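First the structure, in the form of structure tokens, and then the observations on it.
Just so it is clear, the model here is predicted, and its values are computed rather than measured.
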Amino acid sequence: VVKVPAKPLIGLSGRRVPAESIPLFDYTALHGEEVDVHLSEYPKVLQKAGAVPVQLTRNTDPSQIVQRLDGLVMTGGADPDPDDTPTPSP
């Protein structure tokens with residue numbers, strides 16, 4: 001049996017915006033809702049490079065996800081609070 005190495009799991013940050021601010025959304029169904037977004041090129045490029053992209057929401061607890069990721073792409077948006085970022089262990 002040939003064991004295929006696991007692809008790296010790469011987290012993607014993004015920004016949270018009101019659904020009403022995105023053109024062509026069904027505003028009736030999404031009135032008052034927010035959506036987490038990033039440019040679609042980020043996951044496309046990561047996948048092409050052999051990684052598994054994972055969108056991280058603003059509700060993601062950094063201490064719960066950081067140990068599961070192999071990397072992180074900060075795509076922009078609100079600045080993270082440095083006090084919420086755990087220090088990696090050696």
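- Residues Val54 and Leu12 are members of separate hydrophobic clusters, defined by side-chain heavy-atom contacts under 4.5 angstrom among Ile, Leu, Val, Met, Phe, Trp and Tyr.
- Although no hydrogens or angles enter the test, the distance criterion places no donor-acceptor pair under 3.5 Å between the side chain of Asp70 and the main chain of Ile10.
- Applying the salt bridge (Lys or Arg N to Asp or Glu O under 4.0 Å) rule to pairs touching residues 28-37 yields Arg16-Asp36, sequence neighbours excluded.
- Follow the hydrophobic side-chain contacts under 4.5 Å out from Val17 and you never reach Leu39; the two are in separate clusters.
- In this structure, Leu69 and Leu56 have side chains that are in contact, with non-hydrogen atoms separated by less than 4.5 Å.
- A search for salt bridge (charged side-chain N to carboxylate O under 4.0 Å, His left out) contacts involving Lys44 returns Glu41, not counting sequence neighbours.
- Taken from CD in Gln55 to OH in Tyr42, the straight-line distance is 12.5 Å, to the nearest 0.5 Å.
- The backbone N or O of Pro53 lies less than 3.5 Å from no partner atom in the side chain of Gln47, so there is not a single donor-acceptor pair.
- Between His31 and Glu20 the shortest side-chain heavy-atom distance falls below 4.5 Å.
- Under the 4.5 Å side-chain heavy-atom criterion for ILVMFWY residues, a single connected hydrophobic cluster contains both Leu9 and Leu72.
- Gly50 approaches Pro8 most closely through the heavy-atom pair O-CD, 3.5 Å.
- A distance-only check finds a donor-acceptor pair linking the side chain of Ser13 to the backbone of Thr75 [under 3.5 Å].
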